[in-house]
Amino acid sequence: MSESSNSKFTILIFSGVLSVIVGVASGYGVNWLSEKKAELTYDITSIQAFPGQERIGIVAVRISNSGKKELENIDATVRFSDAEVKEVLFQGLTPQMSTKERSNVRFQIPFLNATEGFSVQILVSPNSQALQQPTVDLRAKGAIGIPSDRSAGEKSSSSKDLLTLIASAAATVLALMTAVMIKLRTSNVSFSEIVSGITKPATGHSGDQRDVFAYVLGFCGLTGEANLIRGWPRDLSYWSISDLLTDRWIAEGDEKNIRAGIAGFDQLVGYAELVPSSIRIIQLNIARLYIALNDLPSARKYLSLATNSEDLVISKRINLNPVFSQLKQADA
């Protein structure tokens, strides 16, 4: 056997052993970093009270399996100290059991997959104008529900994902280096011909909802509103921003701004990643703006879009607005 053949054979044996060691070690590392853990969390995503003769409040609670392990026998109770429960609506999952009492709601879910979640919307009658935050008792087999800490959760998740990425990247780089070394020693192919990088631009828009909304408003010529939103000190959801801007434009009565606002809302629905419930509220606000322009056919169109599926919040908002109620009766 020639010296060249011996050298190639030695390189192949060494590279093979190195690949096995790297593969086994990285496999154990990734498995350790990705160990499944149970984590049950809840988040009170919305508390709204509508003043008037008949006080009405709406509370939304989001329950999530934030871990990487399936959860069984989820049992939750939402208690109110200053309000009476009137109606309950579940979105995402249907509970196995649900009971409604004067001051609390209890429900049970048999199974919740990893990263899966669902929401419960509760219509209440507050004892006073202000609606206090309810208490949530949440548990499952082997887990106790805790409030979701977004900042801590994101940091923990980012750290774990980063370690997993580093371990996987190290294994990939070592395997690539081994393959390149073998190829360079056993052929006349150049290094540049063996190794090539392919990069893909990021797709999709991510960021603060205020910034996304402000971008769309600026695109539609509403620079004043765009700057206002960017300067708000607290994080607001898309539907909440649309409520505020709709009230502002209707109060000002500027037809140009109202039409630009309608265009902005339409652009937002097509541009941003929105949950269906937020889209319906925005469509309902577009209908309000068309009513302010006395364009009832267009208002009826968006009212129909907003009511194309069952939504407790949309139903209550329509009941609070006499014009919406008249349009619905006319369509019936």
Side-chain angles (χ1 to χ4, degrees), residues 28 30-48 57-126 131-161 163-164 237 239 273-278 280 309-316:
Y28 274 110
V30 172
N31 181 68
W32 176 74
L33 291 169
S34 305
E35 181 183 2
K36 291 185 177 182
K37 293 182 179 179
E39 188 175 353
L40 182 61
T41 61
Y42 67 88
D43 187 16
I44 300 175
T45 57
S46 177
I47 300 180
Q48 292 189 74
I58 296 177
V59 175
V61 181
R62 174 75 179 175
I63 295 175
S64 305
N65 181 353
S66 304
K68 295 185 178 181
K69 182 180 180 181
E70 300 80 6
L71 291 172
E72 298 178 359
N73 303 329
I74 296 90
D75 191 328
T77 303
V78 183
R79 294 187 177 88
F80 297 87
S81 60
D82 64 335
E84 180 180 353
V85 177
K86 294 295 185 182
E87 294 183 39
V88 183
L89 177 65
F90 295 90
Q91 291 186 333
L93 289 176
T94 302
Q96 183 181 39
M97 183 278 290
S98 174
T99 58
K100 174 175 70 71
E101 298 182 5
R102 179 179 177 83
S103 62
N104 67 73
V105 176
R106 183 184 179 190
F107 47 92
Q108 295 178 340
I109 300 290
F111 193 83
L112 194 60
N113 289 317
T115 71
E116 192 176 22
F118 64 97
S119 297
V120 54
Q121 295 180 350
I122 307 171
L123 179 69
V124 299
S125 176
L131 180 58
Q132 301 298 319
Q133 182 166 299
T135 60
V136 180
D137 181 16
L138 177 63
R139 61 188 65 248
K141 184 179 180 180
I144 296 178
I146 58 173
S148 61
D149 187 343
R150 294 179 181 175
S151 60
E154 289 174 357
K155 290 178 182 178
S156 174
S157 176
S158 298
S159 299
K160 179 180 258 189
D161 291 344
L163 290 173
T164 304
S237 58
W239 65 264
E273 185 176 352
L274 298 169
V275 297
S277 58
S278 290
R280 288 191 288 270
S309 61
E310 184 179 355
D311 190 315
L312 178 63
V313 174
I314 295 296
S315 299
K316 293 303 176 183

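Bear in mind that the values here come from a model prediction, so they are computed numbers and not experimental data. Along the sequence shown, residues are numbered consecutively beginning with 1.
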K.L.:
Is there side-chain contact between Phe90 and Ser119, with at least one heavy-atom pair below 4.5 Å?
P.N.:
no
K.L.:
So do the side chains of Pro95 and Gln108 get within less than 4.5 Å of each other, counting heavy atoms only?
P.N.:
no
K.L.:
Please identify each residue that fulfils side chain to side chain contact (heavy atoms under 4.5 Å, CB included) with Asp137, with sequence neighbours left out.
P.N.:
Thr77, Arg79, Arg139
K.L.:
Taking side chain as C-beta onward, heavy atoms only, is Gln48 less than 4.5 Å from Val313?
P.N.:
no
K.L.:
What is the distance from atom CD1 of Ile109 to atom CG of Leu71, rounded to the nearest 0.5 Å?
P.N.:
12.0 Å
K.L.:
I'd like to know if the side chain of Thr45 reaches the main chain of Ala60, judged simply by a donor and an acceptor atom lying under 3.5 Å from each other, with no hydrogens or angles considered.
P.N.:
yes
K.L.:
Using only atom types and a distance under 3.5 Å, with no angle test, would you say the side chain of Asp311 pairs donor to acceptor with the backbone of Ile314?
P.N.:
yes
K.L.:
Rounded to the nearest 0.5 Å, how far apart are CZ of Arg62 and OG of Ser148?
P.N.:
10.5 Å
K.L.:
Show the nearest heavy-atom pair for residues Asn65 and Glu39, with the distance to one decimal.
P.N.:
OD1-O, 3.4 Å
K.L.:
For Val59 and Phe80, which heavy atoms make the closest approach, and how far apart are they?
P.N.:
CG2-CE2, 3.7 Å
K.L.:
What are the two closest heavy atoms between Ile63 and Leu138, and how far apart are they?
P.N.:
CG2-CD2, 4.0 Å
K.L.:
Could you grab the distance from atom CE of Met97 to atom CG of Asp75, nearest 0.5 Å is fine?
P.N.:
6.0 Å
K.L.:
Which pair of heavy atoms, one from Gly67 and one from Ala114, lies closest together, and at what distance?
P.N.:
O-CB, 3.6 Å
K.L.:
Locate the shortest heavy-atom distance separating Ser309 from Arg280; write the atom from each residue and the value.
P.N.:
OG-NH1, 3.0 Å
K.L.:
Decide yes or no for Lys86 and Glu84: does some side-chain heavy atom of the first lie under 4.5 Å from some side-chain heavy atom of the second?
P.N.:
yes
K.L.:
Indicate yes or no: at least one non-hydrogen side-chain atom of Trp239 is less than 4.5 angstrom from one of Val275.
P.N.:
no
K.L.:
So which heavy atom on Val85 is nearest to which on Ser103, and how close?
P.N.:
CG2-C, 4.0 Å
K.L.:
For the residue pair Val78 and Phe107, establish whether any side-chain heavy-atom pair is separated by less than 4.5 Å.
P.N.:
yes
K.L.:
If you measure from CG on Leu93 to CD on Gln91, what distance do you get to the nearest 0.5 Å?
P.N.:
11.5 Å
K.L.:
Any side-chain heavy-atom pair from Ile47 and Pro134 closer than 4.5 angstrom?
P.N.:
yes
K.L.:
So among Leu40, Thr41, Val136, which one has a side chain to side chain contact (heavy atoms under 4.5 Å, CB included) with Ile146?
P.N.:
Thr41
K.L.:
Step by step, would you call Glu310 with Leu89 a side chain to side chain contact (heavy atoms under 4.5 Å, CB included)?
P.N.:
CA-CA 9 Å; Glu310 184 179 355; Leu89 177 65; 4.1 Å; yes
K.L.:
Would you say that Glu87 contacts Lys100 through its side chain, given a criterion of any heavy-atom pair below 4.5 Å between the two side chains?
P.N.:
no
